[in-house]
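Note sheet for the following structure.
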Amino acid sequence: MRVFNTLTGRKEEFTPGERGLVKIYVCGITPYAPSHIGHARPAVFWDVVRRYLEYVGYTVRAIQNFTDIDDKIIAASASEGLPPLELADKYARQYLNEISELGVKPMQLYPKASEHVGEIITMIETLIAKGHAYEVGGDVYFSVKSFEEYGKLSHRTLEEMKPGARVEINEMKEHPMDFALWKAAKPGEPSWPSPWGNGRPGWHIECSAMSAKYLGLSFDMHGGGTELIFPHHENEIAQSEAFSGVKPMVRYWVHNELVNIRGEKMSKSLGNVITIREMLNKFPARAIRLFLLSAHYRTPLNFSEEGMEAAIRGCERLQTALDNLGAFCRDSKPEPGGSVLEPLEDAYEKAQLTFHESMQDDFNTPGAIAAVFDLVRELNAHQEWLASHPASAANYLDGLARMVSVLGIADDPRKAQGGAGDSALVGELVNLTLELRQKARQEKDWATSDAVRARLGKLGILVEDGPTGTKWKRINPDGGDVRASGATRIHA
RNA sequence: GGCGACAUAGCCAAGCGGUAAGGCAGGGGUCUGCAAAACCCCGAUCCCCGGUUCGAAUCCGGGUGUCGCCUCCA
């Protein structure tokens with residue numbers, strides 16, 4: 001498996017530090033407002049990475065932090081009238097609920113900065129003792145000049161950073177690029193006691209402290225958006241490696257590109273933010289995932305209604321294929337010999353291969369998705385054959401479902417839950433209705449046949465007559481959202 | 001001003017030296033009582049200009065354009 005490493009600027013062969021175990025730290029959010037699509041991209045991407053690594057046999061230990069001590073939280077706290085930590089907790093929970101609805105499997109741990117102040121203070125004390133940090137008037141700063149490799153992640157030198165001069169002027173700092181490890185408390189702000197007086201941690205140190213605590217001084221992958229490369233991750237390396245002397249702190253730095261909208265960066269000031277909640281209210285979670293995965297994680301993704309529309313259609317196509325296979329599996333017709341259909345078998349093997357080669361090549365999800373669609377086309381093309389070979393249908397369904405479940409963009413109909421509140425009784429009633437309708441069809445009583453189909457449609461049951469029999473599935477009566485995969489065939 | 005990324009059919013998007021995956025949309029067929037689903041056929045020489053090479057969308061140089069970072073930010 002090859003992974004692009006920001007540190008070296010190249011794709012590298014991936015090998016975990018410990019055999020069979022992959023340790024991942026993903027930079028999470030600062031919970032001070034509802035999360036938007038830009039937050040959903042890394043959440044879904046890392047979920048897929050995790051699923052794939054587990055799929056190929058690794059044990060994954062992944063954590064994602066919440067920065068719950070921060071200027072923005074303090075500001076939002078004042079305007080919302082909620083204590084800072086409560087406000088952060090509220091939005092953190094909201095975020096977790098939303099990504100859960102997006103099908104993201106929970107990570108092992110979501111550590112919060114506020115709960116690791118002790119570890120942070122210990123780390124700062126060591127940095128001071130080692131001459132990498134200094135205290136000035138209650139603040140503690142990291143000395144960038146004390147870490148000769150400063151800039152190695154973002155590929156720039158201290159000299160290159162001066163010209164732009166977008167550096168805050170702070171008389172107290174020894175070097176303009178020195179950054180705060182600890183900030184002296186200001187009135188009204190949350191603060192903790194420390195050897196340097198009351199105060200709070202700087203932004204970057206929490207990640208160094210928490211990753212060290214839960215993953216060790218050197219771990220496999222560290223993720224985050226590209227905008228975090230500098231200064232956040234550059235500073236993390238400096239702190240962690242200066243603190244422990246262990247290098248590298250992170251073996252593979254993996255950064256995702258951002259989500260834009262109409263070619264512009266999504267930001268509150270431009271007023272073009274689309275929240276995860278809004279997305280979930282409007283589109284099926286599966287389609288949101290397909291959309292987010294339709295571009296490689298290292299290329300910017302432009303949000304658009306058209307893009308979502310395409311993703312919705314794509315998901316429907318996938319689910320229809322899965323549902324059909326599920327219906328064929330349940331077919332009780334006897335298998336006429338264990339024959340194999342060559343073109344199908346070839347397509348299946350090729351799809352499997354392409355899927356894995358794509359995922360192994362720096363998590364190329366668009367390539368993996370293409371492999372899935374290739375297979376779906378072949379499967380669809382041989383529906384009649386599959387309908388009379390349930391064992392083969394089950395076999396291909398297994399394979400297709402495995403691929404699709406790594407991406408989380410469709411369900412195995414055999415495992416899917418029925419529609420909310422639906423019981424087996426509903427299924428039986430629909431089947432009964434369709435059997436009666438079938439009699440009408442045989443008598444060419446199209447008026448009755450069409451009326452039944454229309455009535456069922458109003459109830460959210462989509463009826464389709466095809467060459468392999470009549471199928472039905474549960475849909476959302478308002479939208480096209482396929483809720484359950486009750487595809488059952490009524491034989492002609 | 002510095003650092004970096006990207007530019008492929010109407011839209012989205014793979015490709016990493018051997019003559020362009022996939023999805024959506026569109027057109028034409030097949031199947032079908034109708035509808036739907038599905039299948040088949042149709043579309044790009046890869047921003048521009050040079051260069052390297054037997055051969056480049058893929059490598060190098062120069063343009064043009066877009067975007068990101070350099071300050072909080074997924």
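Computed from a predicted model, the values in this text were never measured in an experiment. In what follows, every chain begins at residue 1, and chains take the letters A, B, ... in the order their sequences are listed.
- Closest to the side chain of A/R377, from the set B/C34, B/C40, B/C16, is B/C40.
- Under 3.5 Å, the side chain of A/D70 and the base of B/C72 form no donor-acceptor pair of N or O atoms.
- Going from the C1' atom of B/C69 to that of B/A74 covers 14 Å, rounded to whole Å.
- Searching all strands for a Watson-Crick or G-U wobble partner of B/G33 with both distances below 3.5 Å returns nothing.
- Per the geometry, CG belonging to A/L462 stands 15 Å off P belonging to B/A35, to the nearest Å.
- A/E306 comes within 4.0 angstrom of nothing in the nucleic acid, heavy atoms only.
- Using a 4.0 Å heavy-atom cutoff across all strands shown, A/V259 reaches at least one base atom of the nucleic acid.
- Checking B/C34, B/A21, B/A74 against the side-chain heavy atoms of A/A370 singles out B/A21 as nearest.
- Within 4.0 Å of A/R317, counting heavy atoms only, lie sugar-phosphate atoms of the nucleic acid but no base atom.
- In terms of heavy-atom proximity, A/I73 sits nearest to A/P84 at CG2-O, 3.5 Å.
- Within the structure, a side-chain polar atom (N or O) of A/T30 is placed less than 4.0 Å from OP1 or OP2 of B/A74.
- Put simply, the side chain of A/D450 and the base of B/G33 share a donor and an acceptor less than 3.5 Å apart.
- Residue-level contact check: A/G307 touches neither bases nor backbone, having no heavy atom under 4.0 Å from any strand.
- Here, B/C40 and B/U45 have their P atoms 24 Å apart, quoted to the whole Å.
- Heavy-atom nearest nucleotides on RNA chain B were determined for A/R41 and for A/E378, and the one closer to the 5' end corresponds to A/E378.
- Atom CE of A/M177 and atom P of B/C70 are 10 Å apart (whole Å).
- Note: A/H233 and A/H255 meet the aromatic proximity criterion, with ring centroids under 6.0 Å apart.
- One interatomic measurement links the two molecules: CZ of A/R441 to C1' of B/A35, which rounds to 11 Å at whole-angstrom precision.
- For A/D361, whose side chain is taken as the heavy atoms from C-beta onward, the closest listed nucleotide among B/G33, B/C34, B/C16 is B/C16.
- For B/G62 and B/G15, the C1' atoms lie 25 Å apart once the distance is rounded to whole Å.
- Comparing B/C67, B/A14, B/C34 against the side chain of A/D465 picks out B/C34 as the nearest.
- Between A/K173 and A/D139 there is no salt bridge, since no side-chain N of the basic residue sits under 4.0 Å from a carboxylate O of the acidic one.
- Relative to the ring axis of A/F230, A/R156 places its NZ or CZ within 45° and under 6.0 Å from the centre.
- Shown here, B/C69 forms a base pair with B/G2; the pair counts as Watson-Crick or G-U wobble because both key distances fall under 3.5 Å.
- The residue A/H36 sits close to a base: some heavy atom pair falls under 4.0 Å.
- Nucleotides B/C39 and B/C24 are separated by 9 Å at their P atoms, to the nearest Å.
- Across all strands, A/K444 comes closer than 4.0 Å to no nucleic acid atom at all (heavy-atom distances).
- Between A/D445 and A/K439 there is no salt bridge, since no side-chain N of the basic residue sits under 4.0 Å from a carboxylate O of the acidic one.
- B/A44: no Watson-Crick or G-U partner with both key distances under 3.5 Å is found in any strand.
- Distances from the side chain of A/P366 to the nucleotides B/C24, B/A21, B/C40 place B/A21 closest.
- Using a 4.0 Å cut-off, some side-chain N or O of A/N364 falls inside it from OP1 or OP2 of B/G15.
- Between B/A38, B/G33, B/G15, one nucleotide has an atom nearer to the side chain of A/R437 than all others, and that is B/G33.
- Cation-pi contact between A/R2 and A/F14: absent, since separation from the ring centre below 6.0 Å together with deviation from the ring axis within 45° is not met.
- Considering only side-chain N and O atoms, A/N260 lies nowhere under 4.0 angstrom from the phosphate OP1 or OP2 of B/C67.
- A salt bridge does not link A/R286 with A/E316: none of the charged nitrogens is closer than 4.0 Å to a carboxylate oxygen.
- In the interface, the side chain of A/S449 is paired with the base of B/G33 through a donor and an acceptor atom under 3.5 Å apart.
- With rounding to whole Å, A/E309 atom CD is found 13 Å from B/G23 atom C1'.
- Atom CZ in A/R156 sits roughly 17 Å away from atom P in B/G1 (whole-Å rounding).
- Remark: P of B/U58 and NZ of A/K11 are 16 Å apart, rounded to the nearest angstrom.
- Between A/H155 and A/G28, it is A/H155 whose nearest contact on RNA chain B lies nearer the 5' terminus.
- Here, B/C60 and B/G23 have their C1' atoms 34 Å apart, quoted to the whole Å.
- B/A14 and B/A44 have their C1' atoms separated by 14 Å, with the value rounded to a whole Å.
- Counting any heavy atom pair closer than 4.0 Å across all strands shown, A/L258 reaches a base atom.
- In this structure, the CZ atom of A/R313 is 8 Å from the C1' atom of B/C24, given to the nearest Å.
- Look at B/G50: its Watson-Crick or wobble partner, with both distances under 3.5 angstrom, is B/C60.
- The aromatic ring of A/F373 does not sit over the base of B/G23, since the test of centres under 5.5 Å and planes under 30° is not met.
- B/U30 sits 13 Å from B/A35 when the P atoms are compared, rounded to a whole Å.
- Rounded to whole Å, the distance from CG on A/L301 to P on B/G68 is 14 Å.
- The nucleotide whose nearest atom lies closest to any side-chain atom of A/A310 is, among B/C24, B/C72, B/C39, B/C24.
- The residue A/T299 sits close only to the backbone: its heavy atoms come under 4.0 Å of sugar-phosphate atoms, none of a base.
- With B/A74, B/A14, B/A35 as the choices, the nucleotide that has an atom nearest any side-chain atom of A/L228 turns out to be B/A74.
- One C1' atom belongs to B/U32, the other to B/A37, and the distance between them is 11 Å to the nearest Å.
- Under the 4.0 Å criterion applied to side-chain N and carboxylate O atoms, A/R200 and A/E206 are not assigned as salt-bridge partners.
- A/T365 pairs with exactly one of A/V406, A/I409, A/L407 by the side-chain contact (heavy atoms from CB on, under 4.5 Å) rule, that one being A/L407.
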